[in-house]
Amino acid sequence: MILSTIRMVISTKKRAEAIKILKMTADYCKIRPECLSCHIYEDVQEANILMLNEMWRSKEDQEQYLRSDAYRNVLLVMEMSQKAPEIRFNTISDSSGIETVEKARLYNR
């Protein structure tokens with residue numbers, strides 16, 4: 001799996017437009033079977049921060065998306081950022097859930 005995270009500083013004046021564009025992109029991604037998740041976040045602790053998180057099945061799926069017309073919308077929003085956006089692509093080789101918390105809590109007893 002590939003986790004893509006983009007953190008951008010978007011001015012108050014451009015925020016509504018940026019969110020509208022990112023929402024269209026997220027809606028597009030969510031209907032694609034190779035996209036496992038796509039979410040837009042606003043930072044409640046730091047003003048003017050928007051984040052786009054996407055999870056793709058494989059590197060190939062993500063690269064195909066990066067070449068798509070839909071990704072041009074993400075690039076457009078990145079250009080709106082007041083600072084250079086922080087972009088991270090992380091490869092996830094393992095994933096777990098609540099069982100990890102339960103296992104860790106058992107060792108504490």
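This chain uses plain numbering: 1 for the first residue, then up along the sequence.
- Note: K14 NZ to I19 CD1 = 14.5 Å, rounded to the nearest 0.5 Å.
- Separating the CE atom in M78 from the CD1 atom in I87 is a distance of 4.5 Å, to the nearest 0.5 Å.
- Here the straight-line distance linking atom NE2 of H39 with atom CG of L52 works out to 10.0 Å at 0.5 Å rounding.
- Of the N and O atoms on the side chains of Y65 and E54, at least one donor lies less than 3.5 Å from an acceptor on the other residue.
- Hydrophobic cluster membership is shared by L76 and L22, with clusters built from Ile, Leu, Val, Met, Phe, Trp and Tyr side chains linked at under 4.5 angstrom.
- If you take CD1 on I6 and CG on L75, they are separated by 8.0 Å, rounding to the nearest 0.5 Å.
- For D43, there are no side-chain hydrogen bond (donor to acceptor under 3.5 Å, both in side chains) partners, not counting sequence neighbours.
- Here the closest heavy-atom approach between residue C29 and residue C35 is recorded as O-CB, 3.1 Å.
- The structure places CE of M1 at 16.0 Å from NZ of K59, a figure rounded to the nearest 0.5 Å.
- The cluster map of Ile, Leu, Val, Met, Phe, Trp and Tyr, joined by side-chain heavy atoms under 4.5 Å apart, puts V9 and Y41 in the same cluster.
- Taken together through direct or relayed side-chain contacts under 4.5 Å among Ile, Leu, Val, Met, Phe, Trp and Tyr, V77 and I40 form part of one hydrophobic cluster.
- Sorted by first then second residue, the side chain to side chain donor-acceptor pair (under 3.5 Å) pairs that include residues 71-95, not counting sequence neighbours, are R7-E86.
- We find the CD1-CD distance between I2 and E60 to be 8.5 Å, quoted to the nearest 0.5 Å.
- F89 and L36 fall into different hydrophobic clusters, where Ile, Leu, Val, Met, Phe, Trp and Tyr residues are linked whenever their side-chain heavy atoms come under 4.5 Å apart, directly or through other members.
- Residues passing the side-chain hydrogen bond (donor to acceptor under 3.5 Å, both in side chains) test with Q64, sequence neighbours excluded: none.
- Counting heavy atoms from C-beta outward, I21 and M80 have side chains that approach closer than 4.5 Å.
- Residues E102 and L106 are not in side-chain contact: their nearest non-hydrogen atoms beyond the backbone lie 4.5 Å or more apart.
- For K23, the NZ atom counts as loosely surrounded, since its 6.0 Å shell holds 12 or fewer non-hydrogen atoms of other residues, nucleotides or ligands.
- The nearest pair of heavy atoms linking R15 to N48 is NH1-CA, 3.2 Å.
- Hydrophobic clustering of Ile, Leu, Val, Met, Phe, Trp and Tyr side chains at less than 4.5 Å, counting indirect connections, unites L50 with Y28.
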